[in-house]
Structure formats: structure tokens, C-alpha cells
Amino acid sequence: MTKPDEVHQMDVQMAVFHCADGFLKQLMVTKLSQCQYALPLLVPDPFTRQIEFPLWTFRQINKSWKTRNNNEIISQTQPIYKAQTPMVFFFRFGSVSSSKSHLMNSLINEKHNTFFHRNCPGSSRTRVLMDGVVEIAWFCPSGKYDDKFTHCVAFCNLHGDAGDHEKQLEILTEMASVNVVLLPQLDRNDRSMIKVQKLYKDSKPLICLFTEEVSTVTETRKGKYKIGLKDRNQSDVSEELRRTINACFSESSSTFRLEDVSKYSDIRVDEEDDDDCRRGREAAQQMISSLKRQDLAKIKELILPCQGKLWHQWSQMNKELHRPQAENLEMEISRKQTEMKKIREQQHDSNITDLSALHRKYDEKWSKVLQLKENNDKLKKLKDEQTELERISEELQAAAFGLEHIMREIGQIYESCSSVKKNKKDLQIHFSSLPSFAAEMMISGFPLELMDGDAAHVPVIWISAVLDQLIQKLGDQRVFVLSVLGIQSSGKSTMLNAMFGLQFAVSAGRCTRGAFMQLVRVSDEMKKQLNLDYILVVDTEGLRALELAGRSTRHHDNELATFVVGLGNLTLINIFGENPSEMQDILQIVVQAFLRMKKVRLNPSCVFVHQNVSDVTAGEKNMEGRRRLQKTLDEMTKLAAKDEVCDAQCFSDVISFDIRKDVKYFAQLWEGSPPMAPPNPNYCENIQELKESVISQVLKSDGMMLIDLKNRIKDLWEALLNERFVFSFRNSLEISVYRKLEREYSKWTWTLRSVMMETENKLHNKIENEAIHEVSENDLQRELNTTSEEVKKSMSAFFDKDGDKDILIQWKTSFEIKMKELQENLITETRKKLNEILQQRHLKKKIDAQKTLHENTLLEKSKELALKLKNKANNEETLKKEFDLFWEQSVKKILKDTPTIKDIDIMKDVREILSESAIYESTPVNYWRDKRSILSVINYSDYVQVKNTSGFTVPTGVKGKIKKVTKMLGLLNNLSLSNDDEAQIKTFVADVVQHTDTIIKSFNISKVGYNISCIQQLTGYIKARVIEHQEGPVKYVLKNEFFMDLVYSICKRANKTFSDQHRMFREANDPLIYVERKREEYYSIFQKHLNGAASAAIFGQIICQKLKEPIEESVYKKTARGLADEMRANCKSLKGNRSNLEKHILKTLADAEDFDKYMTYIHNPRDHFKNFIRDEVSQYITDKFSDSVLPKMKENIKLLQQKIMKAAHESTEHVQVNSGNVGLWLKSFTQQLSDVLIFSVKDLSGVKHDDVDDFNLLEDVIRQELPAIMSDISSRFSTEAFNEKLDLKERPDELLTDHFCQCCWVQCPFCGAICTNTIENHDGDHSVSFHRVIGIKGWSYINTTNLSISICTSAVASGRSFYPNASDDTVLWREYRTAGGDFADWSITPDLSELPFWKWFVCRFQKDLEEIYKKTFEGLGEIPEEWRLHTKDDAFESLDKYF
């Protein structure tokens, strides 16, 4: 900057000040005060010269000082605007050679430029905006003997010539305790000299500093002094001036109160003219006036009742709820939940001193306690004093009252209203709008309390609601969470405030414990660079905060550290000073927190900030400090690893940490001793370096979305409530991301399945048309290649670009493998199906050939009859009679050669096959009568004999009689099936059922017909599986009845499938049915022959009639596939993943209240899922038939018609170009349609067409006849048509079932809940959204008939035990995995939520459950009355919450 362009630095400050609104001015002045700079007191408007007193800007400033009273030191902290202190006013007349501001600085702090002066860097000769400005600063004593002044003193400085600013001079000379004026050599008649003389005559002390005199201090008269400045030492002048001012204070009792400046007329007071300031002040005054009327220690209890004892009781009870120990667990949980609701109701019904004095009393008592501790002889007195200290501490805590307490009360009002579900009395707004206000405050930059330090509890409902509102107002923004940990008063909040310009409380006194969060908006320029919208800063009030009644325990510190570390993407670990023992304490807590994060797969990073280091520039010292820190961290890691039962030897095993980059050394905050010390510039440089380090960490992280932050807070707190953090932690973000991956996986798999279904249909048609004679995997792979590449690209994009890619990466490899396996399985299964069709083709070929022979024989015979009657009879009625006679004779001949297809009785065949075996010859005649299906039995005890150690078996029916003897002899391991054995048999049965379903589909009965060999094949397969199972590691022998009932039940289950497929086969191939169906068509062709129609016209009509059935079949198949696609997109229950489907299943069950269906769902979930999908598809077709299904079918007919006409036209052109005959035309025509229709040249074998030569006529006839055919097909469309026209495996419900049921079906060994994983044979543990009451599966209390009311997720939080099998061995619920078997493969996280759905179910169907299990909900299994309060609506709501 060139000299003429120089701008005075104070002009810059004042320019900003003039342009700022009241709140920015307040922020500027507050920061200037923190930095120990002078503050604008009176500011003339640069244009109007109107003087403004910015009182609002001083409202946030507090000053602390200490004074001595004999040997007693008294501490004071006061808002500066109302502090009454002496005030010294400095001003000058004319132009003086000495710097007034410089002289004032020497009185306040000679090492710091409190007032900017001419000798400061950046000063210039000219200034524009400072003349007439009055600045103010305070000297605050530290209570030491060498303090310059013994009391707090205000210093005011009028800039410019006082003679030009009479108003400022008048106000301040009047208010000052001492006036100090700098004077040049003035003439007696000078205008300024008259004003000096007036001041001289006034009684107020006056000190005149003469710049052109060399005299020392002289008292010219009482209270009037003069001091010469010329050629004098600055420090001597300063010392003389200080003594003189102190002498003046001793003579004058006048004090100054800044607020009183507003009383003067002709000056503008900012907060009176600014509406926002005025409203804010009035609201504050109203609140303060209401507080003044109350006892200071009882203010919070009276005015903020929701956050006091009631909230603390609720918090304590919530912790107890999450750590249940009672024998009757669910009863105890219900009791506590009821008590907690009552507390909420009490909260809901409750009606909406000088703090420094308390601090002084506390300090006095604390000093006495310390003195008594040194004197061992006065133990009783020490105890009394400690009790008194405790009382004062509680009083002090009760008296602390700030904005955070008001916000805390609002939060508790919201939580209590949410609990009782109604608005609070006298609350002028609806409680649901309260979170919106808190969100607005967060957006405005106010911190929100995250953890209540008084109750040591997180108000999760309130915090979640505020974050929901934040999302609603800002959108689901991406945030980077920066948290800080450290001991109390180590400068954490100051560091964060300095780094981001925040407003965390930084008082050195006692304050509320806990954690606070504040949003920092990322600028638009940085957003692109950081890929981030906000930084969320989480500040904690300090570990080891012992002053509040000693309530800070190691457990609480571990809890707080785990919570804050788990929440943060980056945690700043703040270490104060160089005390090794203090470092060791905090580091062990921190290391344990990071170790827990590693075990629950959270990956935060950390930076250590070593504050208050004496010499941060000494490189060797820093390296030594880093080495010591590394050593301590490694030692703490070993200690923490023992506590957490984890193998970690050094800190780098726990977290990625670079000792050179991730440790920062900070200079002392203050340059000198408070209260007058200014901030250390080196500290600011260290802050900037740390900020850059934080930004570099942000660049490496994806942060998290606000919705994920909300879930993370809930997950962490729930896990901490359950004490065993690692066992209890439920990573909602990871679960949510996995569910998102499952939804994508569902789309990818459906895409591949859809393409493979199209391919299968196309190749199926070609096989039927004998266009291909083999199908290889390479053929299928080629068909799938394009779609497969698209799916791979979609997968790569999802894993690489999704916002949660850092979490997704852990599953990328396994899902790529699963997709590859799926593709291979699809190819293998499709090839197998198509090869089965090829193998069955020779059977079908015979059937089709016979059918074609009959049809074509009828055509030729009817043609002969027509030619015979052509010229003999013209009467229509006669011709019809002749044709009918001919038809009846022909059908009789066909039936004589080919008998009709009879109905089948599947179950009769089953009984015959089972009876043929010698084992079953003794089966009673009525054995099958009213036989219950083995697929729906509750237990299998009647079907087994239990093995003993000697190898013999004992029938379970006689086990009761020999129980005592066998137990004494040790012959039996068990006398009944254990839960493991029951589960093993159930899994075996379900697997056999699944495979037999596939076998039944492969029979293709609708095409090749039924034969008893189908039942023989099924029976053989089931027998082989039973033998294989029996030879495995099982503790029981399956009776013969098991095999017999299993075969019977499976066949009975498949009976309808067999019957439906046989009906389709019969309708298509029974000569009596299909020939009669053709009667009218053949009569039409007969008439054309009679009328002498051209052979091309007749042949065209025959082709159209032959196309009718293939067209109908093709349209139905394509529409079925299209419908499946549409339902995947539009049907609520079928559009998501398996979890979404299960939610709708449960809603449907609750709505229907059908107990039998519930039992099917609980014991045979796969069957229930299939039935549900079938019903959903049926309902969808019914509801959407006119709007969607019919238009889709008509569109498919239209497309097929176009394709047929195109094939006819191109075949005509092909024949004409190649001079071909009708054979060439027919070959071309059928080849073009071979992939969409089952129609080939062989369908026309036996129909004479050699004389067809007019191909244009042939094409025209097809064009004319085809619309009528299509119209006839359309007219028969109905909601039932899919089941009537399509084979089972081609129906839309079956296509969707194949898709949804290729997933995990493993059930919880306790309650039977189905694992929600979309992938069959998935990696990792089984899990479920929410578990059930285990009595639903028949679990009961040992040696009783009392059904259990335990719920897995609450039981695993307790210290109770269960019996995993029929032995006397018990396993602790919380260590359930040690039971082995299925128990070891499940992840069951403690959850003390109410889970209304299954509680409502148990109450609604109590009698049904008792009847089916022959046990009761009594004794230990008594149902809590609270469960009966749950309604069906509650059950529905809980499903939406958990799915």
C-alpha cells in the first residue's frame, strides 16, 4: 500500500462498527473485550454527528477482579454495564506532542496496547472516523500487593480535541471520578482555557498534564494537580500519575456505572432505537424480574420443575430399566415403565441471589476444608465442614441458571407431553412446535445441550425431535462431527470458540456438566472442497469435574468419553499442562473409548492437543513429549484391552494414529497473568494450525448425514444405558446402510431374473417349435452378458459413489461374489429347466402329434364333405345337419382310438404306494382319517425315540414311567426333545418341503400329464433324505410314522398343484374337450370350402385358428412377467426388500386376527410368505384389472399382432423374391415367430396346402382374420385367467415368490423371529428388527407349565439364565452364544423398548396359545397388566417404527 493510500486501523474498525447491526456490534465489542482492547463508549455518527451510546454491545461482557480486605481476598464477577467503579476520564485540548492513549496504556498494562495510539504498527497521520469517539477500558486488580490500583477502575479516552466535542466532554467530566486533561501551551484567552478553568473550579479532582512543562507532580490546591511531561521519563510520569489518581480516589467516593450514560439527553441509545434489541432487553428484564422474587437456590425448582427431581428420578429409573435383574423380568420391566410414565405425567402436570456471593461462600468453605485436611487432629470438624461444603455445593448447583437450563426445561416439557400425548396446561403453543424453536436456535448458532450433566442423561426423544426439525428446515445435510474431550478447565471451550467463533460457555467458575453441540456452517466455497454442509462441534464440560459434590466418577467419565468419541468423526483430546499422573488418568479413559469403537466397527480419528506448554518451539522437547505420550498411550491400551477383553498391544492397534502429525502443542492462552493479561498471539497461531489439521481430517472423511447422526446418538446412548457397551451397541447407521444395500441387491437380482425369464421363455418356445435341440450354459451366458455388465456398472457406481461408501466397502467383495453365484445359479437352473423340457419333448411330441393328427384329419375330412355337398344342397340348415352328423361320427372314431383323460386322485395313489411297503402293511385302516399335517405340528416328540448312551432307543411315549430308573442308571441323555432337536427337525422338514416343491414343478404335468411315477419319485426322494438325516449327528431316532406322515403331508399340500396342472393338461389334450372346442372354427372352414373359396384364403384361416392358443399362452406369459415387474415397482408390500414384505404380512395378520394364520407364520414362515404373495397378487389383479392388467394384456396382444403381420408380410416378400412355394413361406413365417410363439410347420402337417400360390391373398386373409381372433382372446380375459391359463411356475405370484424367498429363513432359537437378511447363506450373524415373546414358541419356565413372557432383547440385558436343552445345564442370557448351536450364530442386542406388537398378540390370543401348548400364562408367566393396555393401533405403529 502506498503512503497516500494508507488507512488508519481504527478507521477500519469504526467503519465496520458503523455498518454492523446491533448483534454484530455486540460480537465485535465482546471479542475486543476478551482481547483486552478498549471499547467504543460514545460514537458520533460520521454524517449527522448524532452521538450514539451502544449499551447493547456491553450486555454480554463480564469482568472479574480480586480485592484485598486486610489479608482476605475477595473475588468479584460482574456484568460490566452495571458494575460501579471509579472512572478516570482522559481528554486533551488542542494538539499535543505526547500520546494520551500511550500514557493510559502504561497505567492499565504497560505490555499491551489497550488503547490504539500513534506509535502502534499500522497507525497513520490521518484518521477520519475516530475524532469524537470515546473509548473505555477497565483495570481489574488481581488481589496482589503490587496491583497498580486496589479496585476495578474504568478509563475513558476522548479522541480528538475536546473543544470540538462538547457533548462528550460534558457527559464524561460530570460522570468521572477523576478528570485528566492533556494541555499544550495555551493563551489565557483561548476558548479551551476557559473550559479548563471551569473544571479547575469544580470540586471534582482534576489532573492537568502539561506537554510543554518539565515539572514533577504538584498539588496546586486540594484535589487539583499538575504534572509536566516534557523531556521526562515515561515510566516516571506513569508512576506519578498512578499515585496521584489513587490519591484522588481516597479523597473522592464518586463512582461510575456505564448503564447511567443512557440517562443523558441528546444521545441515541442503541437498544432503545433498535426493535430487536429492545424486545430482547424487555424479555430478559421480564425474566430477571420474575427470578428476583424467588429464593436463589429454589429458582430452578420453582420455575423449571420438569428438569429437577422428577427428571433425575426418571433418568435413574431408565438406567435401572436397562439393567434388569428381577426374577420375573417382564413384570419388573412393565412396572418400571409404568412408574416412568407416572413421572412423565407429573412433569406434564407441573406448572409452567447474587451468584458470585455463593461462589465466595463456596471458596471460603473449600479453603477451610483444605486447612483441616492438613490438621489430622480435627477429623470431626473436618467432617462437619465437608458436610457444609456439600450443602453449599448443592445450593450453588441449584442457583446456576442460564439459557441451557431454560432449553433443558423446554426439552423436558416436550418429552413429558410426548409421553402422555397431550398438550401441557397453560402452554400457549402446541408442544410439537417446541423442537422447531430449538432447531432455529441451533441454525442461528446457539449450542444445544446434548447430555444433561446434572442428571448424567441424554434426553433422546427431545434431541431426536430437534434433529428431525433441523432436517426439515435444512434438508438432510452432511455434517462432520468434531468432538472434544479433556479434564475440566483445560481450555476446551476456549479452543473451540477461538477456532470456529462459537459461543460455548467459558467461565472459569463452576458450570453445568454434560455435552453441548453447535452447528458451524461451511461456506459455499469450502462446501465443494470438503463435500460437507456443516461441522457439528460437540463440547464436553470436562472429565474429572470434582467440584460438584464429587459426583464425577470414573464410570461417568468412561460413559461420557465413549459417548463423545463414538459420536465424533474426529475427537480432539485436550491435555493441560505436563502432569504425568493427570495425563495417565485421562488417557486410559480415552483409549478405552477408542477400543470400544473398534469393537463395534466405528472408526473415528483423534488429535491430541497439549495445552499450556511453556516452550512450544523447542523441537527436541516436543519430540521427547511425543515419545512419552506414545509410551503412555501404549501402556493405557494394554490396560484398557484387559477391561474390554480385547487383544491390543499398542495404540496403533486400536486406531490409525500418527504421533508426528496428530499431536499439537499449544502455547499458554494468556500473555501474562489474568485478569489483565491479553491473549497470546502464539496461541492464535496454534489454533490456526489445529484448524488446518482438522480441515485435512475432514477431507479424508465422508462425515455423516443428520439422520444418521440422530440414530448414532440414540444407538450410543442405548448401548451405554445397558452398561455392556460392545455387547449392547446397535449400529443403526450400519444397519440402515445394509438395508439400503439389500434394496439395491433386490433390484439387481430382479433385473437379472427378469432377463433370464425372458430368455427362458424365448428358448422354451424354440424348443417346443423344434428350432433348437440343445441348450448350453454359454448360450444362456451370452443372453445375459449385456444385462450382467449393466448390473456390474450399477454395483460399482453404488459402492464407489454412494454417500456411505466407507461403510459399504466392508460388504463389496461378498456381494460381488453373491451376484456372481446368483448369475451362475440362474444359468444352471434355467439350463436344467430347459433340458427337462427337451427331455420331456419326446413324450409331449407324441401327445402333440396325436392331437395335430386328429385336428388335421378333421380338417381334411370336412373339406371332402364340403366338396361332396358343394353342388347338392344349398339349404343352410341341411348343410349344418350334414356337418353335425359328420362331426359326431368323427369324434366317436377319435374317442375309440384315443380314450378321454380321466380325473386323478393323488392322495389315493400316495396311500397305495405307502401301503405297498412291507413296513407299512400294519397301518390301521383309519390311520389317514382326519390326519393332522406334520408340517403344522408344534413339537415332534410323538415322532421320535430318544437315543441313550448304550445305543438302545426308548419310545418317548413310555419315558414317564422309566424316568427315575433311567436317570439313576444313567442310561438316557434326555427323555424329551430339546429345543435344539426340535429346531433341527423343523429345519429338516422345511428343507425337504422346499426341495419337493422344486421337484413337483419339474414334472411339467400341464404339458406331459400325470403319472403315478411322480408320487413314486417324490416318495423315493423323501425316503433318501430321511435316511441321510438319521445317519447324521442326531440324538434321536425318527419313527416310521415320521416318514409316512411327511410323505402324506407334502403330497396333500401339493394336491391342488397336481390337480390344477392336470386340469390344464386335460383341457389341452383330452380329445373330447379340445375337439369340441374347435367345432365352430371347423364349421367356418367347411363353409368356405362350400363357397369355393380360394385355397390361400382357407389356408390363411386355418393358420389363424392354429395361432389362437399359442397367442393366448404367449400373451398370458408376457403379461404375467410384466405384472411381476409392475408389482415390484408399485405394490407397497412387494416394492421393497424382504423386511418390508414382512412388515405388511404382520399388518395383515393383525388386521385379520386369525390365530391359525399366525401359527403358520410362526412355525412355517416360508409357506405363509408364499400364501401372502399369492393373495397380494390376486388382490392386485382384481383391484387393478381395468386400470392396469387389461390394458397391459391388450398392449401385448397388439404388439404380438403387429409381429405376426410383419412376419406374414416379410415371408410373402421372401417367397416372391426367391420364387418360392408355400413351404418356403410357411418356414419363413414360423421361424420369425419361433421365439415368441409355440407354433411350427409341424402344427400344419396333414393339412394339404400344396395348391396355395397366392401369397398376397394369404397375407390379406391373415390380416382380416387376426383381429377377430385377438378380440375373441381379449373377451375371455378375467381375474382368474392367470391361474386357469398358466402353468404354476409361470404365474406372477410364483415369479415373485422365487425372487423374495431366495433369502435367509433361519429362525431365532428363542422366539422364532426370522432373520431379515435378504441373502441366503449370508456372511455374519443372523439378526432381526425386533424379537418376540418366547412363550409364543412354547418356551416355559423350568419344572412348571407356565409359558414364558420373556422377550429375547430384554432377557439378554439381564443376569438371568435359561436352559438351552432338556438337561440341567444353564446359560446366562447375556452369554447366550456360549450355548452353542444356533444360539452362537445370532446377534441379539439388548432393547428395552415396549414392543407392543407381540405383547398385544399374546394378550389377544392368550387362550389360543394356552390351548395349543397345553400350558398357561400363570405364575412366573403371568402377563403384566400394562401389556393389556396396548391396542391394535399401537401394534401397527410399532411395525412402522421397527421396519
Side-chain angles (χ1 to χ4, degrees), residues 34-35 482-500 502 504 506 508 537 539-540 542-544 561 564-565 568 570-591 593-594 604-637 650-652 654-674 677-698 700:
Q34 288 172 352
C35 295
L482 174 69
S483 56
V484 64
L485 265 180
I487 60 172
Q488 191 189 27
S489 301
S490 60
K492 301 181 305 299
S493 302
T494 303
M495 177 176 69
L496 294 174
N497 290 351
M499 196 168 8
F500 295 110
L502 306 181
F504 290 122
V506 292
V537 182
D539 183 26
T540 56
L543 305 174
R544 301 175 67 224
V564 171
V565 166
L570 170 66
T571 303
L572 301 179
I573 313 298
N574 200 50
I575 301 169
F576 191 75
E578 300 173 80
N579 186 326
S581 63
E582 288 188 352
M583 262 179 59
Q584 188 163 317
D585 278 358
I586 187 174
L587 288 181
Q588 186 167 358
I589 291 168
V590 167
V591 169
F594 278 109
S605 53
C606 73
V607 170
F608 286 87
V609 180
H610 212 115
Q611 290 214 45
N612 213 37
V613 178
S614 53
D615 183 8
V616 295
T617 58
E620 296 84 1
K621 185 174 179 182
N622 284 355
M623 284 309 297
E624 175 59 22
R626 285 185 168 91
R627 189 193 65 75
R628 284 202 314 271
L629 178 62
Q630 179 76 71
K631 183 181 177 184
T632 307
L633 283 171
D634 291 345
E635 288 172 357
M636 295 304 103
T637 300
C650 57
F651 191 57
S652 57
V654 178
I655 189 171
S656 177
F657 179 72
D658 188 333
I659 195 71
R660 291 165 299 179
K661 295 179 182 177
D662 296 333
V663 179
K664 306 294 177 187
Y665 286 91
F666 266 42
Q668 295 176 356
L669 170 61
W670 303 112
E671 198 167 39
S673 300
N680 186 343
N682 289 333
Y683 181 87
C684 300
E685 291 174 11
N686 298 147
I687 285 287
Q688 188 56 35
E689 289 173 14
L690 177 60
K691 191 172 184 178
E692 290 170 4
S693 180
V694 169
I695 296 299
S696 69
Q697 294 278 2
V698 173
K700 298 174 191 173

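In this text the structure is predicted, and so the values were computed from the model without any measurement.
No donor-acceptor pair under 3.5 Å is formed between the side chain of Asn680 and the backbone N or O of Trp670. Thr540 places a side-chain N or O within 3.5 Å of a backbone atom of Val484 that can act as its donor or acceptor partner.
Evaluation of the side-chain contact (heavy atoms from CB on, under 4.5 Å) rule for Pro604 yields Val565, Phe594, Met597, Leu602 as partners, not counting sequence neighbours. Here Lys661 pairs with Asp658 under the side-chain contact (heavy atoms from CB on, under 4.5 Å) rule; sequence neighbours left out. In terms of the side-chain contact (heavy atoms from CB on, under 4.5 Å) criterion, residue partners of Gln688 (sequence neighbours excluded) are, by chain and number, Lys691, Glu692. When the side-chain hydrogen bond (donor to acceptor under 3.5 Å, both in side chains) test is applied to Thr571, the partners found at least two apart in sequence or on another chain are Ser483. With sequence neighbours left out, Glu635 forms a side-chain hydrogen bond (donor to acceptor under 3.5 Å, both in side chains) with no residue at all. Remark: Phe651 engages Phe657 in a ring pair (Phe, Tyr, Trp, His ring centres under 6.0 Å) (not counting sequence neighbours). The side-chain hydrogen bond (donor to acceptor under 3.5 Å, both in side chains) check on Asp634 picks up Gln630, with sequence neighbours excluded.
To the nearest 0.5 angstrom, Ser605 atom OG is 4.5 Å from Leu570 atom CG. Residue His610 holds its NE2 atom at 14.5 Å from NZ of Lys664, rounded to the nearest 0.5 Å. Summarising the geometry, atom CE belonging to Met495 is positioned 11.5 Å from atom CG belonging to Asn686; distances are rounded to the nearest 0.5 Å. The OG atom of Ser693 sits 6.5 Å away from atom CG of Asp662, with the distance rounded to the nearest 0.5 Å.
In this structure the side chain of Val609 never reaches within 4.5 angstrom of the side chain of Tyr665, judged on heavy atoms. When side chains are defined from C-beta on, Thr494 does not count as touching Gln611, because their heavy atoms never get closer than 4.5 Å.
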